[in-house]
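Data block below; observations after.
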Amino acid sequence: MAATYTPAMPTTSTATTTTRERKPSTSAPISDFTSPVGPPGMTRPKHKRTVTGFGPGEIKKVEASVPEEQREAWKKHSAKEFKTKDQFEADVVRHIETTLARSLFNCDEAAAYAGTALALRDRLIIEWNRTQQQQTFADPKRVYYLSLEFLMGRALDNAILNVGMKDIAKQGLEELGFRMEDVISQERDAALGNGGLGRLAACFLDSLATLNYPAWGYALRYRYGIFRQEIVDGYQVEVPDYWLDFNPWEFPRHDVTVDVQFYGGVRKYTDDSGKQLSVWENGEIVTAVAYDAPIPGYGTRTTNNLRLWSSKASHGEFDFTKFNSGEYEASVADQQRAETISAVLYPNDSLDRGKELRLKQQYFWCAASLFDIVRRFKKSKKAWKEFANQVAIQLNDTHPTLAIPELMRILLDQESLEWDEAWSITQATFGYTNHTVMPEALEKWSVPLVQHLLPRHLQIIYDINFHFLQYVERNFPKEREMLSRVSIIEESEPKRVRMAFLAVIGSHKVNGVAELHSDLVRTTIFKDFVKIYGPDKFTNVTNGITPRRWLHQANPRLSALIASKLGGHDFLRDLNLLHKVEAYVDDEEFRKEFRAIKYANKVRLAKYTKEVEGITVNPSSLFDIQVKRIHEYKRQQLNIFGVIHRYLELKSMSPEARSKVQPRVSFFGGKAAPGYWMAKMVIHLINQVGKVVNADPDIGDLLKVVFLSDYNVSKAEIITPASDISEHISTAGTEASGTSNMKFVLNGGLIIGTCDGANIEITREVGEDNIFLFGNLAEDVEDLRHAHFYGDSFQLDPSLQRVFDTIRSGTFGDAGPFSGLVDSIVDHGDYYLVSDDFKSYVETQGLIDEAYKDQEAWLTRTITAVSRMGFFSSDRCIDEYAEMIWNVEPLPPPKMNGA
């Protein structure tokens, strides 16, 4: 008879039975076992492994618990970085065949890029692991750089150069049948930023690693970037940037997650000791997932980390119950709502929902980053009074200011510190970099929105404000009107939180990013705070750029020429060595090669322009370039009005007179914020002018107008080395610093600019003869604006009036869309002083035309300017931050065997 299974039946017996207690499978940690686990003779370490590592005090104990034979086996088979061409080729082929499942017969350039990137990534990770282990052992003070943007550009070329493997990789790829340039061009730019703020942050990460400072960057992992710009009928159209389709440079850390709370309410209670505490409860939870990207230094094994946070629903991405009940869209709604937080950089905030999403983004990023920073500190087992001695957090603009009340919330509500101690720790931890003095650009959030989204943080902000205003009243009892001026809460309708004021009050140092900007910070927007805190709290760190990317990578022939005269590439780590180049300004061989490099770079840009934009330009023309974020204060409208003026002048000339004119190509590039209508109209006008001018047979090559679409870092590496003149023409006192001006001059281009931002310091370094300045000064701006509104002498320059008449006549298409641009100047006060500076601008452009005709004198100017750019290195910036603000020391990697 076959055996059958009979299920046990319930019994009503009253006999005593032993109930077996069932424990969760995770309730018995490995360390509870005192005897070997597993087959006889097989031992295992008696410790818990943890994905986020150990504190320095635990590592040696943990290492000692691992049996000797296991340690030896691990070391024997540890990954090793490639050092030779053959090893590089082996790594590339292995990844192509095993990671990508391709072969010799179906490996295209995209697969070659992927294999090369993965081989380089393996090498970086080996150094990244060593760096993180060394920093954990040494337990130094670390820098945490919080920036909403990191405009990194392509990673492959930068990584190859920084680890010193460009020649090996080039030779290896050639043997495998590929050109290095073609492979590099397959990579998409990391869409983690938009403008100068993000590019500065990226340069700083490069310098921090190069100078061996222990540092982490924190940002969001934007799934679709800011947007990819397309030009349709002359208008900017925003489409998603699918840059994450293949990104070999990031490492998902699905086991490093943080639950971030929104909405809900605050409950107060008194604990057993009689202390009143607050609990933020209920509301919505969104999970932050970490993604890490290695940041290699140049000429060092130090490889720091950029940690990016991605958002997902806390309970999973799919609701099976809703799906089974037929609610198919609702089954993924929570995940979709959560994912919007890290979907796009700078979502359009013209709607209230957009404003809420922006604030949600900022808190999500700050909360996840602070949790991570605090977790890392707590592993050291040090007292909270040591926190500011171990942690320096730099706020790059006001976007991460919520980190201040978030750290206070952690210290007060979770760690139960008293207010005074928590506030002392917070102030000593944060530094704040201001990037604008324009009041309308300083972030303010409505109190009802903050109350709705972050109720506990609003309480803390009010408490910070209360203590601060008490301090002000005690110290300035006769200046009561100052209280409303410096209050974090603006008494408007509705009330608003002034984030810049919160950043100043919550930081121990505030810095501007150029000398003029820092002076304006102290004398305008933060004037009262200088009086309250004294001048020592405010300082200046003039911006800089990394010469590794913006000279060595973007302009390799110029870098090689300089290295041939200076005896090597040491200038890439000490840019001040460039001053030695000035000794060769009259050297014929040097001048000949310098000129040839510039022309070759112009040919490259001309070729790119033809391939991508379909416009033919003559590389012998003067290349006039303005590429940056489109904004009224940057005054691309002044530039295009000047182009129209030039066009009208050419049209009025006789053919004989035209033959004597210096040919010119005016290049524009940059993105306008999706909700910024006026900036979008500037782009439209540029394209419409180009459409007319470029097709005019009377003009030919004398003038071309090109808008380079979807401007980004990798395109800047083509554009920057090709400039003869670049435009940095912001209204005086509005541009904090600018860094593209530095990049253009370092690559042998001169500047036309206003006395604004870093233009002033560039003038001081390169000399007034090697820069073309024009326009009104910052101290005159307010008087001119006042005169526009209240004076009776405001009238347009006749040349500018002719430009406006031409636009209104329909020469460049329907004039309707451009009426706002013209009316803002003629009828609405001309806030950015286009009319005041137009005549000076046009006259200076005439001086440039004349100067460019004398090619030998122009060449002398450009070589001299390049040789005097040593001050503008981001390495110098980082050393100044480290000394004046962060109080951190470099941690050089240990010497390797045979090194």
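Every heavy atom of this structure was used, including side-chain atoms; hydrogens, water molecules and symmetry mates were not.
Taking both residues in full, the closest heavy atoms of L572 and D875 are given as O-OD2, 4.1 Å, listed atom of the first, atom of the second, then distance. Considering all non-hydrogen atoms of both residues, R658 and L650 come closest at NE-O, 2.7 Å. Taking each heavy atom of N555 and P721 in turn, the nearest pair found is ND2-CB, 3.6 Å. Scanning both residues, S147 and A219, for their nearest heavy atoms gives O-CB, 3.3 Å. When every heavy atom of R861 is checked against every heavy atom of A851, the shortest pair comes out as NH1-CB, 3.4 Å. The two residues D206 and R548 have their closest heavy-atom pair at OD2-NH2, 2.7 Å.
Counting only N and O atoms by type, the side chains of W249 and E187 include a donor and acceptor under 3.5 Å apart. Between the side chains of S835 and D830, at least one donor N or O sits under 3.5 Å from an acceptor N or O. A donor and an acceptor atom, one from each side chain of E613 and S709, are located under 3.5 Å apart. Checked by atom type, the side-chain pair Q801/D805 shows a donor-acceptor distance below 3.5 Å. Judged by distance alone, the side chains of Y633 and E735 do bring a donor and an acceptor atom under 3.5 Å apart. Between the side chains of R591 and T860, at least one donor N or O sits under 3.5 Å from an acceptor N or O. For Y346 and E149, the side-chain atoms include at least one donor-acceptor pair closer than 3.5 Å. Side chain to side chain, H728 and S726 meet the donor-acceptor criterion of an N or O pair below 3.5 Å. For the residue pair E238 / Y224, no side-chain donor-acceptor distance below 3.5 Å is found, with atom types taken as modelled.
Taking 4.5 Å as the limit, every side-chain heavy atom of K704 sits out of range of all side-chain heavy atoms of F623.
More than 12 heavy atoms of other residues, nucleotides or ligands shown are found within 6.0 angstrom of NZ on K853. Counting heavy-atom neighbours within 6.0 Å of K651 NZ, excluding the residue itself, gives a total above 12. Around atom CD of Q855, more than 12 heavy atoms belonging to other residues, nucleotides or ligands sit under 6.0 Å away. Counting heavy-atom neighbours within 6.0 Å of E656 CD, excluding the residue itself, gives a total of 12 or less. D698 CG: more than 12 foreign heavy atoms inside a 6.0 Å radius.
Look at E632 and K634 and you find no salt bridge, because none of the NZ, NE, NH1 or NH2 atoms lies under 4.0 Å from a carboxylate O. Using a 4.0 Å cut-off between charged side-chain N and carboxylate O, E717 and K743 make no salt bridge. Taking the charged nitrogens against the carboxylate oxygens, D157 and R549 have no contact shorter than 4.0 Å, which rules out a salt bridge. With salt bridges taken as basic N to acidic carboxylate O contacts below 4.0 Å, none links R664 and D724. Taking a cutoff of 4.0 Å between a charged side-chain nitrogen and a carboxylate oxygen, D189 and K715 do not qualify as a salt bridge.
In this pair, Y235 and H684 present their aromatic rings parallel. The plane angle is below 30°, not in the 30 to 60° band.
For the ring pair (Phe, Tyr, Trp, His ring centres under 6.0 Å) test, no residue two or more places apart in sequence or in another chain qualifies with F227. Applying the side-chain hydrogen bond (donor to acceptor under 3.5 Å, both in side chains) criterion to D241, with sequence neighbours excluded, gives R188.
Taking the ring axis of F871 as reference, the NZ or CZ atom of R876 stays within 45° of it and closer than 6.0 Å to the ring centre.
For the pair N747 (side chain) and W550 (backbone), a donor-acceptor distance under 3.5 Å is present. The main-chain N or O of T546 is found under 3.5 Å from a side-chain atom of S874 such that the two form a donor-acceptor pair. K610 places no side-chain N or O within 3.5 Å of a backbone atom of V617 that could act as its donor or acceptor partner.
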Worked verdict on Q845 versus D849 for side-chain hydrogen bond (donor to acceptor under 3.5 Å, both in side chains): CA-CA 6 Å; Q845 289 285 16; D849 287 333; over 6 Å; no
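Interatomic distance, CZ of F812 versus OG1 of T806, reported as 6.0 Å (0.5 Å rounding). Atom NE2 of H517 and atom OG1 of T734 lie 10.5 Å apart (nearest 0.5 Å).
Ring centroid separation for the pair F804 and F641 comes in under the 6.0 Å cut-off.
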